[in-house]
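Ligands are counted one by one from 1 in listed order, and the atoms in each one are counted from 1 as well. Just so it is clear, the model here is predicted, and its values are computed rather than measured.
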Amino acid sequence: MPLRILLLGGGGREAALAWRLSRSARCGHLLLAPGNAGMEAWGQRLPSLNLLDFSGVIQSCAREEVDLVVVGPEQPLVAGLVDALQAEGIPVFGPTRLAAELEGSKAWSKAFMARHGIPTADFRVFTSAMEALAFLEQAPWPVVIKASGLAAGKGVLLPDSPEEARDGVVAMLEGAAFGEAGSTIVLEERLEGPELSVFALCDGERGWILGSARDHKRVGEGDRGPNTGGMGAIAPGPLATPQLLEEVRRTVLEPVLAGMAAEGRPFCGVLFIGLMLTRQGPRVMEFNCRFGDPETQVLMPALDEGLDLADLLYRVAKGEGLPADLPQHPMTDTAVCLVLAAEGYPGPVKTGDEILGLDSLANDRHLQVFLAGAARGDDGRLLSAGGRVLALTARGADTEQARARALAAMSRLRMRGGHYRKDIGA
Ligand code: AMP
Ligand code: GLY
């Protein structure tokens with residue numbers, strides 16, 4: 001039976017999911033809410049649906065006879081959209097509110113890891129600035145300060161001095177720098193090593209590693225300058241050997257699934273494991289309960305073409321469980337993605353600049369463009385509408401080839417003030 005699928009979200013991650021779902025044999029009709037201007041070729045947009053208006057989402061599902069809802073971003077998951085849809089009998093791919101606490105509350109997530117022996121940085125949780133400052137006086141390690149709640153990827157401070165650490169604690173707990181999200185903080189041991197993201201599809205009991213990726217968060221070349229939502233990514237992650245992925249499965253993925261099930265919050269959906277590969281072995285820095293952005297923009301093109309993503313997500317949503325015969329290493333290609341950002345990003349940006357040159361890339365099967373902060377003007381021209389305007393992904397036999405293709409393609413795009421990193425994958 002071909003499925004009518006509703007994909008929620010409208011960024012680059014959802015563009016990559018829409019592209020992939022539209023190529024699934026199981027996908028009959030794809031609805032995109034709100035979607036974006038670059039996704040129109042892959043599905044039908046419902047541009048005015050608000051993802052936090054649960055009854056609006058439920059009504060759209062009924063009206064459009066939706067068989068499967070796929071949730072892209074974390075906010076509706078943490079707010080309980082999956083629970084609301086399940087209560088109406090609507091199959092949905094994503095974790096329930098309680099399971100999404102793995103991402104929604106860093107304080108809960110760290111305590112969960114401690115309870116289940118999952119390797120992570122040493123930590124303390126505070127709600128009182130006085131107690132946190134007293135702890136800083138004698139903290140046995142250099143600290144990282146994290147707002148416990150959702151902060152759109154901005155709630156982590158890496159102080160370089162004791163003064164900066166004190167200022168950060170006070171800003172979060174007394175200055176409400178991150179609002180409610182920062183009213184509880186985690187002080188954590190600072191880890192060293194390269195980072196790696198691992199993605200696993202989970203059905204509540206079993207998890208299956210789809211692949212790995214490395215994202216580049218700093219705006220400037222050589223990983224310098226302020227943090228961004230991500231300036232590009234590579235898949236598979238350069239250090240993700242089969243042995244390492246096996247270690248992550250054994251020491252992280254399996255204990256997470258067993259622990260969540262034992263605590264009455266079975267995890268269904270995508271578990272995004274953010275790791276630091278330290279000298280002592282892989283350590284979890286964070287869990288997210290959804291796909292990554294921009295990691296999805298490399299993960300989807302690098303996955304085996306024969307894999308029917310819609311079918312897998314549907315089985316999980318229906319409670320049928322993942323099939324037993326999944327391939328061990330489903331990533332068969334290498335992909336490099338470069339993000340084209342607007343002038344000023346990650347600070348305030350100017351929008352409304354025309355994006356030119358996309359047509360010249362359309363027929364290259366190694367390339368895929370995923371729009372994010374872009375919209376059509378009244379005259380149909382494609383204009384920038386956000387900080388990260390688009391992600392351009394190239395596939396290749398190896399990173400070098402994929403990177404060369406991505407750079408060549410990027411040099412054919414034109415947008416006033418647009419900038420991208422040329423060192424990703426080098
Ligand atoms: P998170 O949102 O927890 O992944 O943190 C965002 C970024 O902060 C990570 O990608 C790391 O670069 C950095 N980070 C987080 N936790 C640590 C840690 N314990 N030690 C060093 N860097 C960290
Ligand atoms: N790329 C990091 C994230 O999606 O949270």
Side-chain angles (χ1 to χ4, degrees), residues 9 11-17 71-75 77-78 100 102-110 113 118-125 139-160 165 168 172 178 181-182 185-199 211-219 223-235 237 269-280 282-300 337 339 346 370 372 387-388 391 424:
R13 163 183 51 210
E14 288 78 21
L17 287 170
V71 188
E74 61 274 18
Q75 295 85 356
L77 295 169
V78 170
L102 274 182
E103 171 167 4
S105 166
K106 286 187 193 285
W108 188 85
S109 178
K110 292 290 292 190
M113 286 188 257
I118 295 161
T120 189
D122 224 347
F123 72 101
R124 299 293 164 83
V125 175
W141 16 260
V143 299
V144 177
I145 306 167
K146 300 186 174 185
S148 179
L150 291 186
K154 299 191 177 80
V156 175
L157 306 179
L158 301 165
D160 286 326
M172 283 201 204
F178 294 96
I185 64 168
V186 176
L187 295 186
E188 174 173 305
E189 173 191 10
R190 189 159 179 162
L191 302 172
E192 275 178 55
E195 293 182 33
L196 178 72
S197 305
V198 173
F199 297 86
S212 64
R214 167 83 207 268
D215 81 341
H216 289 265
K217 288 203 174 77
R218 303 297 195 96
V219 73
D223 286 323
R224 275 188 271 268
N227 259 323
T228 70
M231 290 298 289
I234 310 168
V270 181
L271 184 66
F272 169 157
I273 305 172
L275 295 164
M276 188 80 99
L277 306 179
T278 71
R279 280 207 199 128
Q280 290 74 37
R283 297 284 180 269
V284 176
M285 272 191 307
E286 65 165 347
F287 289 123
N288 295 314
C289 63
R290 37 93 193 156
F291 281 107
D293 191 336
E295 290 93 333
T296 310
Q297 291 91 312
V298 277
L299 204 55
M300 292 297 131
C337 124
V339 168
F370 301 116
R388 288 188 297 163
I424 288 169

For [X], is at least one N or O under 3.5 Å away from an N or O on ligand 2?
X	answer
Lys217	no
Asp215	yes
Glu295	yes

Going by the order shown, which atoms of ligand 2 are within less than 4.0 Å of some heavy atom of Gly292? 4 (O)
Would you mind listing which atoms of ligand 2 come within a distance below 4.0 Å of any non-hydrogen atom of Asn288? 5 (O)
Is there a donor-acceptor pair closer than 3.5 Å between any side-chain N or O of [X] and the backbone N or O of [Y]?
X	Y	value
Ser148	Ala107	yes
Ser197	Arg214	no
Arg388	Ala372	no
Glu14	Gly11	yes

Close side-chain approach of [X] to [Y], heavy-atom, < 4.5 Å:
X	Y	result
Val270	Arg290	no
Val143	Pro159	yes
Met285	Val144	no

Output all residues satisfying ring pair (Phe, Tyr, Trp, His ring centres under 6.0 Å) with Phe199, sequence neighbours left out; order by chain, then residue number. Phe272
Heavy-atom contacts under 4.0 Å to ligand 1, chain-then-number order, include exactly Lys106, Val144, Lys146, Val156, Leu158, Glu188, Glu189, Arg190, Leu191, Glu195, Lys217, Met276, Met285, Glu286
Between Lys110 and Glu188, does any NZ, NE, NH1 or NH2 come within less than 4.0 Å of an OD or OE carboxylate oxygen? yes
among protein heavy atoms, the one nearest atom 5 (O) of ligand 2 is Arg290 NH2, 3.0 Å
